[in-house]
Amino acid sequence: MISICSRRGSAVLLAAASAALLVVIVRAAWLCDDAYITIRTVDNFVHGLGLRWNVDERVQTYTHPLWMWALVPGYAITGSARLTLLGTSIAASIAAVAMLARIGRARAGATLAVLIALAGSKSFVEYSTSGLEESLLFVLLAAAMALAMREESRPAATAGWFAGLVLVTRLDAGLLALPLLARSLAKGGRAARRTLTAAALPAALWAAFSVVYYGVPFPNTAYAKLGHGVPRAELIQQGGRYLADFAFMDPVGAAFVLGAIAWGIVRRRWEVVAAIGLWTSYVVWVGGDFMSGRLLAPAVWLSAVFLARTGPGISLKAGGVAGLATLSLLFAAPAPAIWGPPGRGGDGRTSWRVTDERQFYYPTTGLLLHGLREEADRHPWPRRVLDARERGENVQVFKWVGFAGYFAGPRVHLIDPYGLTDPLLARLPADSDWAPGHFLRQVPSGYPESVSSGTNHIQDGLVGRYYERLGRVTREPLLAPGRLRAILWLNFQQPRVPSAP
């Protein structure tokens, strides 16, 4: 009887802590500009215009294919970007928190501590919404870890499927998922082959589709953010700043990551240590990001799941104390998500060239401030593009393309100087004055006129010839004569615009 009551009591406490964590997530819910880049593709697809961002060219502007597909049903039903992005994000967050509570139910004290402390992680809370893929990653990473830690071959193979879905959600997140399969793969034999096949198949199928449809295996953002020509030393230095910003803005999240590494060493779970270490090293290598905490949010979550799954067998009382003690680190944080005004406005910039995105966007996209109403005039960027459209400017150069692109509609072709949505500019070298995640390119003279008229007016001969061959891949019909040859040229012979002599 005592055991039954104890189990019921722990279940009630875990359910209450989970509900409180979800309240914090919903209270902080917001959307960022980048989420609307994906929803514009979804809007075009739902209306029969294809998986395109600018409808006159096939370019994969989204980095998260599985998340994009997860948005399609909701948008097809509601026709609302805001409702779809917020609803899907919150639903995935509910599933992730419920999975965490279930995964850690055998170690209720440790799990209670994790659930309480997670409410203080700025990175986890804020990117449980935002409209980006993190909430779906949380679900898939939790499932992959829970299954990979079992000893039976069948769950290990199933974990391979979840790892594969992580790759399709965000390709570089494989650095977090694949090390979790190391123990299963080390066994060798048929189980290891099944696991590898399961992990590789989703990504291989998507890459094959992407080559046929888009002409390249990777999203356009990969070419824009990894082929910019910025010296690696500068990127690594900025990546170090990004980690410093993370520790300063989200001390609770940093405590999760460090705690998981230490506990992984104690428990000799080297696959977890490797996953977190590889991911953190990768974040530094690529120069971090402009969104404070975003790239570290999956590491925070993976750490939380690991600590709940394998944490010490402590009592519920001790777990509550440990959780509150970790939560007290919030007093050292400058802008915690758990209390205070949901968003203060301002540019949100920090001294590390990183931006507190939620602070910047909440006044115009916060759920508690604006509900589910969709209004183009709420933010100035769409208004500028819409005003230009009214003047007949259907080809525009504009830097901030998320909100603006979605509200502009399919008639407007936006040229993004950062190259995130533009296949030509993504393959040009970036300016020396760059910002994390945003590598500005000079728009070639005559490029807007070329897009508008369909005739090559680019003055630089090398860039103009490249534009013409690139157009065979992105603009001509899928089975057009010579397109396959152009795809091979683009991927193997000339992936970037050749330098001018």
Query raised in the report: For P179 and E271, which heavy atoms make the closest approach, and how far apart are they?
Result: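 So the minimum-distance heavy-atom pair works out to O-CB, 2.9 Å.
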Query raised in the report: Any cation-pi pair here, R232 with W285, using under 6.0 Å and within 45°?
Result: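 Cation-pi check for R232 and W285: passes.
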Report task. Identify whether the distance between the nearest side-chain nitrogen and carboxylate oxygen of E374 and R82 falls below 4.0 Å. Result ->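 Looking at R82 together with E374, the answer is no, because their closest N to O distance does not fall below 4.0 Å.
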Query raised in the report: Do we get R358 above Y362's six-membered ring, with its NZ or CZ under 6.0 Å from the centre and within 45° of the axis?
Result: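 Pair R358/Y362 counts as cation-pi.
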Query raised in the report: Quick one: do the S135 and S93 side chains pair a donor with an acceptor below 3.5 Å?
Result: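 Their side chains do not contain a donor-acceptor pair, so the 3.5 Å distance test is not met.
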Query raised in the report: Is the backbone of L420 close enough, under 3.5 Å, to the side chain of N220 for a donor and an acceptor to pair up by distance?
Result: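 At least one qualifying donor-acceptor pair exists.
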Query raised in the report: What residues, two or more places apart in sequence or in another chain, satisfy salt bridge (charged side-chain N to carboxylate O under 4.0 Å, His left out) together with K122?
Result: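 Checked K122 against salt bridge (charged side-chain N to carboxylate O under 4.0 Å, His left out); matches are E126, D356.
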Query raised in the report: Applying the ring-ring contact (aromatic ring centres under 6.0 Å, His included) test to Y36, which of Y62, Y406, Y361 qualifies?
Result: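 Exactly one candidate clears the test, Y406.
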Query raised in the report: For the residue pair V166 and G174, what are the closest heavy atoms and their distance?
Result: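 So the two residues come closest at CG1-N, 4.4 Å.
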Query raised in the report: Is the F124 ring parallel, tilted or perpendicular to the W301 ring (thresholds 30°, 60°)?
Result: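 Rings of F124 and W301: parallel, under 30°.
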Query raised in the report: Can we say E476 and R58 salt-bridge, meaning some charged N sits less than 4.0 Å from an Asp/Glu carboxylate O?
Result: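 Judged by the 4.0 Å cut-off on N to carboxylate O distance, E476 and R58 do not form a salt bridge.
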Report task. Please answer whether the main-chain N or O of M291 pairs with a side-chain N or O of Y242 as donor and acceptor at a distance below 3.5 Å. Result ->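 It does hold such a pair.
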Query raised in the report: Any salt bridge between E134 and R294, counting N to O under 4.0 Å?
Result: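 Judged by the 4.0 Å cut-off on N to carboxylate O distance, E134 and R294 do form a salt bridge.
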Requested in this report: Look at the aromatic rings of F209 and W206 and report parallel, tilted or perpendicular, splitting at 30° and 60°.
Outcome: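 Correct class here is tilted.
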